[in-house]
Amino acid sequence: MTPDVRDRADSPAGAGRRPADGCPIPEPSWDRALRLIGRSDEVALACHVTPDADALGSMLAVAFVLRSLGKRVVASFGDRHFAVPRLLRFLPGQEMLVPPEEYPPAPELMIVFDCSTFERVGLLGANAASAREVIVVDHHPSNSGFGTLDLIDAKAAATAMLAEQLLYRLGGRLDRDIAICLYAGLVTDTGSFRYSSTTPAVHQMAARLVATGLRTDEIARELWDRSPFGYLKVLANALERVTLEGGLVWTYVSRVDRAAYGLPYSELEGVIDIVRRTDEAEVAVVLKEDDYGDWQVSTRSKGTIDVAAVCTALGGGGHHNAAGFTSYDTVEETMAKFRRELRKVS
Ligand code: AMP
Ligand code: MN
Ligand code: MN
């Protein structure tokens, strides 16, 4: 049996009894969320397109909780080609996922996770537009709120922190499967507890999750320490043409590069973490061409430069030090636009 954290003196159980951890979301908003969930027999969950661990993990964790409360649950994300990235296939609860075409066209209640903008809901945006109620659960400072109810904490290190709050407020039980989903979100969005978003509350939450018996070593291996051989070759190509221009370091990975080794797009998540280590650069950029020929642009900043502002100006979003946007231009045009916007905030 796994330990039940609700039995611990420092982990109060039950709806409304969980300390807010400095969370700025007003109590009436949480109350309204509980009422909306309470009156719905079916709850439709969604997370952002090309989901990362925080998006998918937060959604699956809440899916488990709602199912344990006797709700019918559907969960999905609005990608044109619906597939869970190989990296995230270790997350439990994937049997609760349905492809977008099987999603209710007009849900009574929809909850969307980790979506900084309405566009990030992707194909399920049409379902959200027809839903009676939409609860937005998110932590992006650039999120101005697009739900009928917004549960947004721009200071939270991960959406998983808000998902955990929701769990306790719903009176749910933190079990090992749920903890794996939440931990995956927490550990990735904090860069393995390295980013400045890693507050005491982050470590306290991690302790609650680890206490359920999850294997942090196995999760770390799934997330960061494995890839197909072709990844090394594609990475070598990307690093071969990496460019340092003043305080900006950047490179790109095209579809053609990946096709030569049969490497799926989702395997490229870690490239930015290698490029951004460049001491001479304040800002790092990696352009990744997806299977449709669009460029998904990952950007990182080390200090005062706000890449979220740059990416928001280019139609994307994110956080001060980690942001992204989608570009339909060529690599050179995309970089020209990026440099222009970067100059405005540097
Ligand atoms: P990534 O570089 O994909 O790890 O993303 C870094 C941050 O930027 C995350 O918080 C994402 O939610 C955000 N982000 C990435 N791509 C986009 C996009 N196309 N539109 C809006 N936000 C994005
Ligand atoms: Mn995300
Ligand atoms: Mn997130």
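Numbering of ligands and ligand atoms starts at 1, following listing order.
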Decide side chain to side chain donor-acceptor pair (under 3.5 Å) for S254 and E289; before the verdict, give the C-alpha distance in whole Å, the side-chain angles of both, and the deciding distance to 0.1 Å.
CA-CA 5 Å; S254 71; E289 190 179 11; 4.5 Å; no
May I ask you to identify the nearest protein heavy atom to [atom], giving residue, atom name and distance to one decimal place in Å?
| atom | answer |
| --- | --- |
| atom 11 (C) of ligand 1 | R120 NH2, 3.8 Å |
| atom 12 (O) of ligand 1 | H140 NE2, 3.0 Å |
| atom 15 (C) of ligand 1 | G324 CA, 3.5 Å |
| atom 7 (C) of ligand 1 | A322 O, 3.5 Å |

Listed by chain and number, what are the side-chain contact (heavy atoms from CB on, under 4.5 Å) partners of D150, not counting sequence neighbours?
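side-chain contact (heavy atoms from CB on, under 4.5 Å) check on D150 returns V136, I152.
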Mind telling me whether F146 and F118 have parallel, tilted or perpendicular rings, with 30° and 60° as the class edges?
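The rings of F118 and F146 stand perpendicular, inter-plane angle above 60°.
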Relative to each other, are the rings of Y292 and H81 parallel, tilted or perpendicular (30° and 60° limits)?
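Rings of Y292 and H81: parallel, as their planes differ by under 30°.
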Ligand 1 atoms in contact with [X] (distance to a heavy atom under 4.0 Å):
| X | value |
| --- | --- |
| S116 | 21 (C), 22 (N) |
| G317 | 8 (O), 13 (C), 14 (N), 20 (N), 21 (C), 22 (N), 23 (C) |
| H319 | 10 (O) |

Does any N, O or S atom in H48 come within less than 2.8 Å of the Mn ion (ligand 2)?
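Yes, since at least one N, O or S atom of H48 sits under 2.8 Å from the Mn ion (ligand 2).
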Lys NZ or Arg CZ of R258 over Y265 ring: under 6.0 Å, within 45°:
no
Intermediate values then yes/no, salt bridge (charged side-chain N to carboxylate O under 4.0 Å, His left out), E42 and K71:
CA-CA 6 Å; E42 180 175 77; K71 306 285 179 191; over 6 Å; no
Based purely on interatomic distance, does [X] place a nitrogen or oxygen under 3.5 Å from a nitrogen or oxygen of ligand 1?
| X | value |
| --- | --- |
| K288 | no |
| G318 | no |
| T326 | yes |
| S298 | yes |

Stepwise salt bridge (charged side-chain N to carboxylate O under 4.0 Å, His left out) test for R72 and D41:
CA-CA 6 Å; R72 283 199 312 279; D41 296 328; 5.5 Å; no
Decide yes or no for E245 and R339: does some side-chain heavy atom of the first lie under 4.5 Å from some side-chain heavy atom of the second?
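A side-chain contact exists here, since the closest heavy-atom pair is under 4.5 Å.
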What do the steps show when you test H139 against D153 for side chain to side chain donor-acceptor pair (under 3.5 Å), and what is the final call?
CA-CA 5 Å; H139 70 127; D153 177 359; over 6 Å; no
Selected option - heavy-atom contact closest to atom 1 (P) of ligand 1, from R300, E269, Q296:
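That would be R300.
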Does ligand 1 have an atom that lies less than 4.0 angstrom from a heavy atom of E119?
no
Given the side-chain rings of H203 and F193, with only the six-membered ring counted for Trp, is the space between their centroids under 6.0 Å?
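So the answer is yes for these two rings.
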Could you walk me through whether E282 and R300 pass salt bridge (charged side-chain N to carboxylate O under 4.0 Å, His left out), step by step?
CA-CA 8 Å; E282 266 302 301; R300 300 290 186 269; over 6 Å; no
Kindly indicate, with the supporting measurements, whether the criterion salt bridge (charged side-chain N to carboxylate O under 4.0 Å, His left out) is fulfilled by E267 and K288.
CA-CA 11 Å; E267 297 289 334; K288 300 168 289 183; over 6 Å; no
Everything protein-side that's N, O or S and under 2.8 Å from the Mn ion (ligand 3): list it, residue and atom.
D54 OD2, D114 OD1, H139 NE2, D189 OD2
Distance, nearest 0.5 Å, that separates OG1 of T188 from CD of E269
7.5 Å
